Every structure is written in C-alpha cells, then in structure tokens.
Amino acid sequence: MKRAPAITWKSLRPCVRLLARLTLTCVFVIAGVLKLAGMEQTQAAVEGYRLLPGWAVWPAALFLPWAEIVSGAALWVPWLREASRFFLATLLWLFLVAILAAWARGLDIRCGCFGGEGEAGYPWLVARDFGLLGLLSLTKRGVEK
Amino acid sequence: MLVLGSLMVLGAGVTALLVPRPGQNEISPESALKLQRPLWVDARGADDFAQGAMPGALLLNEDNWPRSIATVLEQWHPGRPIIVYCGSLSCSASQAVAKRLRGEEYGLAPVYVLRGGWDVLKARLAEASQRQ
C-alpha cells in the first residue's frame with residue numbers, strides 16, 4: 001500500500017501564497033470600490049485624521065481608492081507583482097502611522113477603511129493592518145529549498 | 001512600478017472629472033447620518049428649535065452664543081465631527097456658526113455645514129423611520 005505523501009510547509013506554501021494573494025486582492029479592491037462609491041465620506045474620513053492640509057484632502061481621497069484597487073488587482077499580474085507588493089506595503093504602513101497618530105492624539109476618528117463602515121476600535125485597526133502585512137509577507141516567492 | 005503609479009493617477013484623474021468635489025466643509029444628510037457620534041448643532045432660532053430638531057442637537061446661534069458655547073465645548077472632544085445646520089438650503093446661519101467654531105477663537109475641527117438644512121434632514125429622518 002502506498003503511503004500518502006507527508007504534508008510539509010514546502011508542499012503547502014503555494015496554496016498559502018495563493019490564499020494570501022486572494023484575500024489581499026479582495027480586501028483592497030473591495031475597500032477601494034467602497035471608497036469610490038462614497039467619495040464624500042472618503043473625503044470626510046481623510047479629513048478626520050487631521051494629518052493633511054486642507055488643499056491635500058481631496059487629491060488624497062481621489063488617489064487612495066485607486067491605489068488600493070490597482071495594487072490589489074496587480075497582485076495577479078506576474079510582472080507587476082513585486083511593484084504591487086511594494087505599493088501595498090507602503091499603503092499599510094501609511095495607514096498604520098495615520099491610525100497610531102490619531103490614537104496618540106485621542107481623536108475619535110471613523111476609520112474610513114471600507115467607505116462608510118461602522119465604528120472600530122484602535123486596537124482592532126492596528127491588529128488588522130499588522131495581519132494584512134503578515135499576509136503580504138506570505139505572498140513573497142521565497143527561495144524554495 | 002511606473003505602470004501601477006500611472007494607472008493610479010489615471011484613475012484618480014478620471015474620478016476627479018466624473019465626481020464633483022463635495023463642497024468644502026459641507027456634508028450631505030446621507031453622509032452626516034453615517035458619521036459616528038457627531039455633535040449636532042442647530043443654528044436656527046429658539047422657536048424653530050422648540051418645534052423640532054435633530055435628537056440630541058444643541059442650540060447655538062448668535063443670540064444665545066454666550067450661554068450655549070460652553071455646552072458645545074463640554075460635549076465636543078478632539079476628532080468628534082460637528083455638524084451645523086439651519087432651516088433650509090438657502091439659510092446662512094449654519095455657515096456663520098461653523099465659521100466661528102472653526103475660527104481662531106475655538107479652532108474646532110472637523111466642522112461641517114449640513115447641505116439642505118433641517119428641511120432635508122427632517123425628510124431623511126422620516127424616510128429612515130418609515131423603513132424601520
């Protein structure tokens with residue numbers, strides 16, 4: 001009788017990478033589309049962080065959804081994948097800095113992460129961003145031994 | 001990287017052409033009702049306020065400013081959005097109150113003026129209660 005092949009990290013890695021990529025694409029594309037669907041709320045959310053001067057709020061609100069949609073979708077284009085990972089990591093670190101800065105200043109912000117979503121506490125927002133950064137690190141094609 | 005950056009800028013440009021920029025410091029009733037715990041400020045007269053106002057709203061206008069501003073400042077905390085409204089689309093009291101709240105004396109932010117005023121807000125509230 002043939003023995004079933006042992007399940008190793010190496011054998012699981014392609015599936016994990018695929019799932020991580022799929023999750024990231026869904027999260028970022030949905031977040032971007034929801035932001036585009038409610039530009040007024042997106043602008044209010046960006047303004048709520050009080051990090052940008054007034055003139056920069058609208059351009060940032062216009063750029064942010066497209067940065068999410070394009071970066072999320074490009075994870076599936078092999079020759080754009082590295083650039084997409086770079087943009088997604090930059091976005092996630094920017095979100096983290098913005099959230100931590102708002103938390104430190106005691107601001108009662110609306111995240112604005114998924115358009116007009118409900119209230120979410122700071123610890124959850126920070127944990128979610130670190131979780132997404134963790135997922136992003138799983139999408140990297142490492143050296144297979 | 002250049003390709004992705006160009007696509008992002010292109011998308012933002014097309015959106016800028018298609019979506020009118022929301023009035024600076026103005027907010028629609030639909031968006032206002034979705035904000036988390038905003039502080040509602042009613043800039044109409046006391047008589048209008050007594051006849052009906054947004055639940056929890058504070059009355060603040062030029063006449064009662066010295067008495068009411070302390071209550072507004074007590075209930076506001078950094079980051080809590082303030083939404084000021086007056087009677088209708090054409091009234092200007094909310095603009096004046098919002099400008100004063102944002103000004104150097106108080107420096108509150110963000111302060112929005114409700115587009116359409118109480119007339120539109122009242123209609124939206126009635127629609128929402130009918131749906132429930």
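Chain identifiers are assigned alphabetically (A, B, ...) following the order of the sequence lines, protein sequences preceding nucleic acid strands; residue numbering begins at 1 within each chain. Just so we're clear, the structure is a prediction, and the values are computed from it rather than from any experiment.
Distance check: L80(A) CG to L4(B) CG gives 5.0 Å after rounding to the nearest 0.5 Å. In this structure, W66(A) CH2 and T15(B) OG1 are separated by 5.0 Å, a value rounded to the nearest 0.5 Å. Note that the CE atom of M8(B) and the CG atom of L64(A) stand 10.0 Å from one another [nearest 0.5 Å]. Note: S31(B) OG to M39(A) CE = 11.5 Å, rounded to the nearest 0.5 Å.
Enclosure of atom CG in L17(B) by more than 12 non-hydrogen atoms of other residues, nucleotides or ligands within 6.0 angstrom is indicated.
Within the 4.5 angstrom heavy-atom criterion, atoms from both the backbone and the side chain of I27(B) approach chain A. Only the side chain of L36(A) comes within less than 4.5 Å of a heavy atom of chain B; its backbone N, CA, C and O stay farther away. Contact annotation for F63(A): both backbone and side-chain heavy atoms come within less than 4.5 Å of a heavy atom of chain B.
Residues L92(A) and Y49(A) share a hydrophobic cluster, clusters being chains of Ile/Leu/Val/Met/Phe/Trp/Tyr side chains in contact below 4.5 Å. No path of Ile, Leu, Val, Met, Phe, Trp and Tyr side chains, each step under 4.5 Å between heavy atoms, connects V113(B) with M54(B), placing them in separate hydrophobic clusters. Linking ILVMFWY residues whenever their side-chain heavy atoms come closer than 4.5 Å, directly or via other members, places Y106(B) and I82(B) in the same cluster. L91(A) and I69(A) are members of different hydrophobic clusters when ILVMFWY side chains are connected at heavy-atom separations under 4.5 Å. F87(A) and W93(A) are assigned to two separate hydrophobic clusters, defined by single-linkage of ILVMFWY side chains at heavy-atom distances under 4.5 Å.
Closest approach of V19(B) and W58(A) over heavy atoms only: O-CZ2, 4.0 Å.
Counting heavy-atom pairs closer than 4.5 Å to chain A, the top-ranked of the candidates G13(B), A16(B), S28(B), G5(B) is S28(B).
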